[in-house]
Amino acid sequence: MNEVNWAGNVRYGSTRIARPTTIDEARALVAGADAVKALGSRHSFTGIADTGGIHISLADLDAPIRIDAARRRVRVGGGMRYGELAQHLERHGWALATLASLPHISVAGAISTGTHGSGVGVPSLAAAVTGLDLLTSTGALVAIGEGDADLRGAVVGLGALGLVTTVELAIEPSYEVAQTVYEQVPFDAVTTGFDEIMRSAHSVSLFTTLRDHDHVDQVWRKARTDAAVRPLPASLVDREATGPRHPLPDVSAASCTVQGGEPGRWLDRIPHFRLEFTPSNGDELQSEYLVAHEHGPDALAAVRDLAELLRPVLQVCEVRTIASDDLWLSPASGRDSVALHFTWTADGAGVARVLPDLEAALAPFAPRPHWGKVFAPRPVEAWAELYPHWQAFRELRDRLDARGVFRNDFLRGLGL
């Protein structure tokens, strides 16, 4: 095999990639293998999806989208991309509460790693899950639904429990969003008025390249048109961008969703990038750390203090907010959070050199790394300190994957 992830920094060790079209085909593959991992959109930057056995893609699985209007739920195959699901929902008058910045990622992969969008009152993509079906290592198809004691542990499952064949998500009526970008916002005004800015729209993102000590490069506000108008923070007045902007300086905004305050469909505004474009060639690495919301301004200031260290390998840092959830291994579990996301250059060695200092600077804020993005190794016991339900998840893993088929080096490094 000569397969790599989206960024090219992980070379997969699998012997082959299988694409079953039915549950029975997938069951036979799992039952006959000693090591299996699901392979989604390959957008993880870690070895979380790697295996020395068989990779199974569920993108071709026969799992039609089913909308239950009465319950406001949709069932969808785990291998489907969010952008495709969003288009289907919109055609039938429905929507999701949030999307990630990229609509290109698979549903199962996104929820299994705790991937999120942005919004003070908006939880992660995983929080919308009301049920899922797992194909376990015994070949059993286990349905975990609303009210099931295992659901909170199974949603952000790190690929450790089985193949997520089907997911049920909460939906709501379709809505429109208007997106506006602001530039060169004073850094001190952002830290002192952090809550006012982040609460000023349905979804808000801050972007800084750390090249300018005194200013945040961009603020992206995405306002729902069906919600009450929120006042524009004084720090953003007269700072609206004069044209479309990409988060990276001097990069064309052609791949970005429509800005300038023009209302449009939720699926065309909440992501930063359009589904029909590949936003980059994967020539980057990514890291992300979630801290408790109240620590957001101080954590951002700590990042700025490391500007000289980070600049040689940093493309841009994005700051977003996520509402808390009750999912055991969600990075936002039990606390409203602020996420500091780093898009690095493809210099793996250079990124590895700066991560220990970055994580040390964030350590006072108990940062939880995104499971699919690069982070420095930690002692096994550190994970139980960050996640109160860590041992309960281990027990759930032992029960659902007694054969150890879905374990890999990434999970072993976590002590799972």
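Surrounding CZ of R311 are more than 12 heavy atoms belonging to other residues, nucleotides or ligands, all under 6.0 Å away. Taking a 6.0 Å sphere around CZ of R230, one finds it holds more than 12 heavy atoms contributed by other residues, nucleotides or ligands.
Cation-pi geometry between R224 and W266 is not met at under 6.0 angstrom from the ring centre and within 45 degrees of the axis. Figure legend: cation-pi geometry between R368 and Y387, with NZ or CZ positioned under 6.0 Å from the six-membered ring centre and within 45° of its axis.
In this structure, CD in Q184 is found 12.5 Å from CG in L236, a value given to the nearest 0.5 Å. Atom OG1 of residue T321 and atom CE of residue M198 lie 4.5 Å apart, to the nearest 0.5 angstrom. With rounding to the nearest 0.5 angstrom, the CH2 atom of W94 is 5.0 Å from the CZ atom of R72. In this structure, the separation between CG on D298 and CG on L362 is 11.0 Å, given to the nearest 0.5 Å. Note: L163 CG to R27 CZ = 11.0 Å, rounded to the nearest 0.5 Å. Separating the OG1 atom in T209 from the CG atom in D217 is a distance of 3.5 Å, to the nearest 0.5 Å.
Between the side chains of S200 and R221, at least one donor-acceptor pair of N or O atoms lies under 3.5 Å. Side-chain contact annotation: D60 with T21, donor-acceptor N/O pair under 3.5 Å absent. In this model, a donor atom of one side chain and an acceptor atom of the other lie less than 3.5 Å apart for S137 and D401. Between the side chains of T46 and S44, not a single donor N or O lies within less than 3.5 Å of an accepting N or O.
In plain terms, the two heavy atoms of A38 and A49 that are nearest each other are O-CB, 3.9 Å. P364 approaches A361 most closely through the heavy-atom pair CD-O, 3.4 Å. When all heavy atoms of G159 and F406 are compared, the closest pair comes out as O-CB, 3.6 Å. The shortest heavy-atom contact between A33 and I54 is CB-CD1, 4.0 Å. Residues S112 and A108 approach most closely at OG-O, 2.7 Å, considering heavy atoms. When all heavy atoms are compared, the tightest approach of V120 to R199 is CG1-NH1, 3.0 Å.
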Begin with the C-alpha distance, continue with both residues' side-chain angles, and end with the deciding distance and a verdict on side chain to side chain donor-acceptor pair (under 3.5 Å) for H272 and T257. CA-CA 6 Å; H272 297 334; T257 48; 5.6 Å; no
Verdict with supporting geometry, W344 and S287, side chain to side chain donor-acceptor pair (under 3.5 Å): CA-CA 8 Å; W344 310 108; S287 299; 2.9 Å; yes
So T165 and I23, side-chain contact (heavy atoms from CB on, under 4.5 Å) or not? Walk me through it. CA-CA 8 Å; T165 60; I23 292 294; 3.7 Å; yes
Criterion side chain to side chain donor-acceptor pair (under 3.5 Å) on Q218 and W220, from CA distance to verdict: CA-CA 6 Å; Q218 298 175 12; W220 290 35; 2.7 Å; yes
I would like to know whether V313 and F342 meet side-chain contact (heavy atoms from CB on, under 4.5 Å); could you show each step before the answer? CA-CA 10 Å; V313 291; F342 301 86; over 6 Å; no
Please step through salt bridge (Lys or Arg N to Asp or Glu O under 4.0 Å) for the pair R304 and D188, ending with a clear verdict. CA-CA 11 Å; R304 181 174 67 164; D188 290 343; 3.6 Å; yes
Determine, step by step, whether F187 and D214 satisfy the side-chain contact (heavy atoms from CB on, under 4.5 Å) criterion, reporting the C-alpha distance in whole Å, the side-chain angles of both residues, the deciding distance to 0.1 Å, and the verdict. CA-CA 5 Å; F187 201 103; D214 297 322; 5.7 Å; no
As a quick check of understanding, evaluate side-chain contact (heavy atoms from CB on, under 4.5 Å) for R73 and E146, giving each step before the final call. CA-CA 11 Å; R73 300 288 187 266; E146 289 183 86; 3.0 Å; yes
Walk me through whether E168 and R66 qualify under salt bridge (Lys or Arg N to Asp or Glu O under 4.0 Å). CA-CA 9 Å; E168 183 182 79; R66 293 188 174 92; over 6 Å; no
Begin from the C-alpha positions of Q286 and E284 and carry the test side chain to side chain donor-acceptor pair (under 3.5 Å) through to its verdict. CA-CA 7 Å; Q286 295 180 9; E284 63 189 55; 2.6 Å; yes
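Using cut-offs of 30° and 60° on the angle between ring planes, the pair F375 and F410 is perpendicular.
Contact annotation: the side chain of H215 never approaches that of V185 to less than 4.5 Å [non-hydrogen atoms, C-beta and beyond]. Using a 4.5 Å heavy-atom threshold, the side chains of K37 and D50 count as separate. The shortest distance between side-chain heavy atoms of L125 and T98 falls below 4.5 Å. Between Y82 and V107 there is a side-chain heavy-atom pair separated by less than 4.5 Å. Within the 4.5 Å cutoff, no side-chain heavy atoms of D336 are placed close to those of I322. In this structure, the side chains of N5 and R11 stay at 4.5 Å or more apart for every pair of heavy atoms. At a threshold of 4.5 Å between non-hydrogen side-chain atoms, the residues V303 and L310 count as touching. For the pair L134/I144, a side-chain contact is recorded, criterion being any heavy-atom separation below 4.5 Å from C-beta on.
Between the side chain of H88 and the backbone N or O of E84, no donor-acceptor pair lies under 3.5 Å. The main-chain N or O of V76 is never found under 3.5 Å from a side-chain atom of T166 such that the two would form a donor-acceptor pair. Between the side chain of T15 and the backbone N or O of G53, at least one donor-acceptor pair lies under 3.5 Å. Within the 3.5 Å criterion, the main-chain N or O of G157 finds no donor-acceptor partner in the side chain of W371. Counting only distance, with no hydrogens or angles, the side chain of S330 and the backbone of L327 share no donor-acceptor pair below 3.5 Å.
Aromatic pair Y12/H55: centroids less than 6.0 angstrom apart. Centroid-to-centroid, the aromatic rings of H341 and F207 stay 6.0 Å apart or farther. For W328 and W383, the distance between ring centers is not under 6.0 angstrom.
Using a 4.0 Å cut-off between a side-chain N of Lys or Arg and a carboxylate O of Asp or Glu, D133 and R75 qualify as a salt bridge. Salt-bridge annotation for E318 and R320: present, with a side-chain N of the basic residue lying under 4.0 Å from a carboxylate O of the acidic one. Look at R42 and E3 and you find a salt bridge, because one of the NZ, NE, NH1 or NH2 atoms lies within 4.0 Å of a carboxylate O, short of that distance.
Legend: salt bridge (Lys or Arg N to Asp or Glu O under 4.0 Å) pairs involving residues 231-252, not counting sequence neighbours, sorted by first then second residue: E183-R245.
Listed by chain and residue number, L306, V354, D357 satisfy the side-chain contact (heavy atoms from CB on, under 4.5 Å) test with L309 (two or more places apart in sequence, or in another chain).
Considering E359, K373, H370 in turn, E359 is the only one that fulfils the side chain to side chain donor-acceptor pair (under 3.5 Å) rule with Y289. Of the residues listed (V219, V338, L340), the one engaging L206 in a side chain to side chain contact (heavy atoms under 4.5 Å, CB included) is V219, and it is the only one.
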